[in-house]
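We number each residue from 1, following the sequence as shown. Order of listing sets the numbers, starting from 1, for every ligand and every atom in it.
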Amino acid sequence: MMDEAVLARVRERLRGATSVCAFTGAGMSAESGIATFRDALTGLWARFDPAQLASEEGFRDDPARAWAWYAERRAGVRAAEPNAGHHALAAFARRHPGRLTVVSQNVDDLHQRAGNTDTVRLHGDMLADRWLQRCPRAQACDPADAAPGTPPRCAECGNLVRPGVVWFGEVLPGAAFDAAERAVRGCGVLLVVGTSGAVWPAAGLVSLARMAGAHVVIVNPQPSEIDDEADELVAGTAAEVLPALLDTL
Ligand code: OAD
């Protein structure tokens, strides 16, 4: 059961905010059937080793293993549909042009398919391909032209294709992080949805928003590591809470 008094307070804050930022994590897509990372039984990192599957070292160690894992996840994302939470954010953005920025850690494309096509993507795009290393021949080849394989590889130099996500130990895309910082510094309300707050530097955006004066609202059915940063905790899921907060605004 959602707490109506809490929802009413947050709606009031949202009404008064000229700029709103939604900062989302894997829980945002959970009700679309995409597994989160850190939920105790169902999270991907409870069942798979991130060192093997989400690091350059792990990929190089066994490219076929990592590629097959991403191929399965890509199929899951392609088969999934945005849920009521994604749709509530997209509909709010349509009703209030220029007022909402979505900053997501998610590597699926569900915000985009719901209609938030300008979502800031901090951790990349799982459906995109890129080369594992810089081309030794300095050619600007397209990974789409790679020779088929598990993973596909360049027929000329053997360079491997990898998914376009940010792995552990890698730097976040600079332009996306800059855009995220601008959005959280400039917003009146930060809606934090479905993230454990365990992964940095993304999680640091929440304290940055708070220090810049934003009202921080965390939407999550469970406690998260950044609950201390919140002005308001809304216990519930993305697909139930976001429509309840946004649909009447
Ligand atoms: P986590 O798996 O760490 O956290 C998911 C959060 O979603 C948890 O706090 C859950 O309680 C919450 N949750 C579960 N179901 C929910 C629902 N239906 N509605 C709302 N919340 C729900 O995922 P992230 O915080 O996104 O990195 O993880 C951060 C990064 O770690 C990810 O971007 C990923 C991972 O390694 C990359 O892919 C590069």
Side-chain angles (χ1 to χ4, degrees), residues 2 7 10 22-56 58-59 66 69-70 72-74 76-77 80-89 102-111 119-128 130 162-173 176-177 180 190-206 217-230 232-246:
M2 290 182 286
L7 292 175
V10 176
F23 172 55
T24 66
M28 181 77 227
S29 299
E31 287 151 297
S32 295
I34 299 178
T36 63
F37 295 94
R38 292 177 186 77
D39 279 280
L41 295 174
T42 55
L44 292 172
W45 298 155
R47 295 176 284 146
F48 302 99
D49 180 0
Q52 287 182 357
L53 300 166
S55 76
E56 182 175 340
F59 189 86
W69 188 71
Y70 281 103
E72 201 178 310
R73 285 182 62 213
R74 282 175 167 186
V77 165
E81 296 292 339
N83 64 52
H86 296 104
H87 288 304
L89 287 171
V102 177
V103 174
S104 188
Q105 299 166 87
N106 295 346
V107 293
D108 63 50
D109 61 348
L110 297 184
H111 282 305
T119 295
V120 177
R121 308 181 82 161
L122 289 173
H123 290 164
D125 173 359
M126 192 174 57
L127 300 177
R130 61 186 179 88
R162 57 161 283 183
V165 299
V166 177
W167 282 331
F168 289 106
E170 293 182 329
V171 176
L172 270 53
F177 200 73
L190 181 73
L191 279 178
V192 181
V193 186
T195 181
S196 61
V199 172
W200 290 71
L205 291 167
V206 179
V217 178
I218 293 186
V219 178
N220 199 314
Q222 305 289 335
S224 80
E225 295 192 15
I226 45 177
D227 284 0
D228 286 354
E229 307 280 354
E232 203 78 77
L233 294 171
V234 187
T237 70
E240 61 187 18
V241 173
L242 291 175
L245 286 178
L246 299 171

Which residue and heavy atom of the protein sit nearest atom 4 (O) of ligand 1, plus the separation:
Ser196 N, 3.3 Å
Name the one of Leu191, Val102, Val120, Leu205 that satisfies side-chain contact (heavy atoms from CB on, under 4.5 Å) with Phe23?
Leu205
Given Gly236, Pro221, Ala238, which one has a non-hydrogen atom that is nearest to atom 21 (N) of ligand 1?
Pro221
Counting heavy atoms only, which of Glu240, Glu170, His123 comes nearest to atom 37 (C) of ligand 1?
His123
Do the side chains of Phe37 and Val199 get nearer than 4.5 Å, heavy atoms only?
no
Counting both backbone and side chain atoms, is some N or O of Asn106 under 3.5 Å from an N or O of ligand 1?
no
Using the six-membered ring wherever Trp is involved, compare the ring planes of Trp69 and Trp45 and label them parallel, tilted or perpendicular (cut-offs 30° and 60°).
parallel
Can you sort out the partners of Asn220 under side-chain contact (heavy atoms from CB on, under 4.5 Å), two or more places apart, ordered by chain and number?
Ile218, Gln222, Ser224
Residue pairs, two or more places apart or on separate chains, that pass side-chain hydrogen bond (donor to acceptor under 3.5 Å, both in side chains) and touch residues 34-44
Thr36-Asp39
Nearest option to atom 8 (C) of ligand 1, as decided by whichever heavy atom of Asn220, Leu172, Thr36, Val193 sits closest
Asn220
Heavy-atom gap Trp167 to ligand 1 smaller than 4.0 Å
no
If you count the atoms of ligand 1 from 1 in the order shown, which ones are under 4.0 Å from a heavy atom of Ala26?
23 (O), 24 (P), 26 (O)
State the atoms of ligand 1, each with its element, that fall below the 4.0 Å cut-off from a heavy-atom position in Gln105.
29 (C), 33 (O)
Any nitrogen or oxygen of Phe37, side chain or backbone, less than 3.5 Å from one on ligand 1?
yes
Tell me: protein heavy atom nearest atom 31 (O) of ligand 1, and distance?
Arg38 NH1, 3.0 Å
With heavy-atom distances below 4.0 Å as the criterion, list the atoms of ligand 1 near Ala30.
15 (N), 18 (N)
Nitrogen or oxygen of Glu31 less than 3.5 angstrom from that of ligand 1
yes
Considering Gly194, Ser29, Gly43, Gly124 one by one, which has a heavy atom nearer to atom 7 (O) of ligand 1 than any of the others?
Gly194
Region of Thr237 that comes within reach of ligand 1 [heavy atoms, distance under 4.0 Å]:
both
I want to check something: taking the side chain as every heavy atom from C-beta on, are Thr119 and Val103 in contact at a cut-off of under 4.5 Å?
no
Examine the proximity of ligand 1 to Ser224 and report which part, side chain or backbone, both or neither, has a heavy atom under 4.0 Å away.
neither
For Gln222, the ligand 1 atoms whose distance to one of its heavy atoms is below 4.0 Å
11 (O)
Where ligand 1 meets Gly25 - atom numbers and elements under 4.0 angstrom, heavy-atom basis
26 (O)
